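Working notes, structure below.
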There are 2 protein chains.
Amino acid sequence: MPGDADIASVAALMGEPARAAVLMALADGRSLAATTLAAEANVAPSTASGHLARLVEGRLVTVESSGRHRYFRLASPEVASALEALARLAPHRQVRSLSQGTHAEAIRRARTCYDHLAGRLGVALLDALVSTGVLHVHEVGEGSDPVLGAGRARVYVLTGDGTSRLAALGVAPDPPTRRPLTRYCIDWSEQRPHLAGWLGAALLTRFAELGWVLRAPKRVVKVTDAGWAGLAGRLGVDVDACR
Amino acid sequence: MPGDADIASVAALMGEPARAAVLMALADGRSLAATTLAAEANVAPSTASGHLARLVEGRLVTVESSGRHRYFRLASPEVASALEALARLAPHRQVRSLSQGTHAEAIRRARTCYDHLAGRLGVALLDALVSTGVLHVHEVGEGSDPVLGAGRARVYVLTGDGTSRLAALGVAPDPPTRRPLTRYCIDWSEQRPHLAGWLGAALLTRFAELGWVLRAPKRVVKVTDAGWAGLAGRLGVDVDACR
DNA sequence: GGCACACTTCGGGCCTACCCGAAGCGTTGG
DNA sequence: CCAACGCTTCGGGTAGGCCCGAAGTGTGCC
């Protein structure tokens, strides 16, 4: 547990509204240009530039120049983990305008978390994969650790039947990277796990290929009519629970 | 992944040096009085009182009144997780004074993390338990997730042989709580896992009973001569690696 | 080559919030 | 019952940092 590390400097970097907005915009792993991030944070380009310089200097963000653009992205997965941990503690921002309200609702329904699905749909998808036997859950110990709530030791294993069912859908778990096949991530809006890891990413990619989902701005994911039908029919997702 | 949550307010709460010092002091799960925390943060009692009120209002900390004292503690394990995630990103504070230097060294050698061992000793202990066959490691997937660094899916299972060896040491894994038997925690100073969970706590408690370790102020753990001998001889810990 | 664009640096205005000491309230102990 | 203690509230001084607009550098496009 923490002891001597200078938490304050990192937290202060994340604790300024404009910088937090920048980090949140980068939270799905994309690289974005400075102007885009300025708009995202609702500040002037000059202001954003200063904030970005501080984020880079604090090693939370890296830059890559490309022509006259400079693309920023999170420096490491650990940064995303920290944002995730903070989001779990954060009060949900109160809704001010109608558009904010609909966006807040949309982002809770279905969004991307890096490269996989999150929100009610992400949670329902994982539930469906487990209840239909595509994945088996192994719990280590029972209940939740009273001391370390995060990182509950739960492991999702792809079954043989699951492998063939996914192959029928066009998702073949080749080992293209050294990335773990399954991983989970506690959803900040649902407070329940959704599927991450290689499989989580592969499913989102395949859903997009099939025309089941469309990636809208601001991390929102829109599900098409074919998508709702396919998720329910082919994977057993409880689409009513996702609205 | 984060989307709409108001990360900035939480991070700002953690991003002020005095408040961060308070949170770090509470990070091992203790309840401490306001005056103690003021001293810990090097601010006047009145200043600390204001910070504590804000931490309570922000739901990072809870209070319990007892006579003329008020005892503060972290509001939830999630708060500790967030601190942990930030500590992993934090630059190690540069050493200013000799006493800070020796303390920084001591805390990296052996410290408590909540109720179990961390630092080089904590890491070496887990290594020893694995290499001597007390625990078996199960990896799910291979390597590290390029997207989600934290929460690597690794599971430590107590072996039959391990159970009897621990019993000989006076540690019997009764199921006294619903807490998981084993759990790990990425050590912020070593960037490698150390043992947490019920077993991690039981081992620290037993080491203290045996007079192997003494809990010094500021989370530092001192190992006695008998402790070094016992750790090496009975558990196979590479004590040289711990210094 | 020249204009438009992306971005950064600089200067100055403003405001937040951190800090402390003094004073007030409640509790404990002699 | 009074003194010491723990803690909080209040007032005022200070400093740091956030914001923008204007100006400067470098790149791409016509």
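Note that the structure is a prediction, hence the values are computed from the model and not measured. Proteins get letters first, then strands, A, B, ... in listed order; numbering begins at 1 in each.
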Nucleotide D:dG6, atom P - distance to CG of B:Leu32 in whole Å: 15 Å
Contacts of type side chain to side chain donor-acceptor pair (under 3.5 Å), residue B:Thr224, not counting sequence neighbours: none
Contact list for DNA chain D against residues 9-19 of chain B - heavy-atom distance below 4.0 Å: none
Qualifying residues under side chain to side chain contact (heavy atoms under 4.5 Å, CB included), relative to B:Ala208, sequence neighbours excluded: B:Val213
Side-chain heavy-atom pair A:Ile7, B:Glu84 within 4.5 angstrom cut-off: no
A:Phe207 and A:Leu231: CA distance, side-chain angles, deciding distance, side chain to side chain contact (heavy atoms under 4.5 Å, CB included) verdict: CA-CA 9 Å; A:Phe207 292 167; A:Leu231 288 166; 3.8 Å; yes
B:Gly67 vs A:Tyr71, nearer the 5' end of DNA chain C by closest nucleotide: A:Tyr71
Contact list for residues 200-210 of chain A, test side chain to side chain donor-acceptor pair (under 3.5 Å), sequence neighbours left out: A:Arg206-A:Glu209
Any residue of residues 36-64 of chain B with a heavy atom less than 4.0 Å from an atom of DNA chain D: B:Pro45, B:Ser46, B:Ser49
Sequence-distant partners of B:Thr36, side chain to side chain donor-acceptor pair (under 3.5 Å), two or more places apart: none
Show which side-chain atoms of residues 49-73 of chain A pair as donor or acceptor with protein atoms under 3.5 Å away, not counting sequence neighbours.
residue, atom, partner, partner atom, Å
A:His51, ND1, A:Arg19, NH1, 3.1
A:Arg73, NE, A:Ser31, OG, 3.0
A:Arg73, NH2, A:Ser31, OG, 3.0

Sub-3.5 Å pairs of nitrogen or oxygen atoms, protein against nucleotides 3-6 of chain C:
residue, atom, partner, partner atom, Å
C:dC5, O2, A:Arg68, NH1, 3.2

Output a table of nitrogen or oxygen pairs between the protein and nucleotides 11-15 of chain C separated by less than 3.5 Å.
none

Residues in salt bridge (Lys or Arg N to Asp or Glu O under 4.0 Å) contact with B:Glu40, at least two apart in sequence or another chain: B:Lys218
A:His116 vs A:Leu199, side chain to side chain contact (heavy atoms under 4.5 Å, CB included): CA-CA, chis, key distance, verdict: CA-CA 9 Å; A:His116 53 269; A:Leu199 186 55; over 6 Å; no
pair B:His103-B:Val220: side-chain heavy atoms closer than 4.5 Å: yes
Any residue meeting ring-ring contact (aromatic ring centres under 6.0 Å, His included) with A:Trp228, in chain and number order, not counting sequence neighbours: none
Side-chain heavy atoms of A:Leu117 within contact of A:Leu203, under 4.5 Å: no
Which residues share a side chain to side chain donor-acceptor pair (under 3.5 Å) with A:Arg109, sequence neighbours left out: none
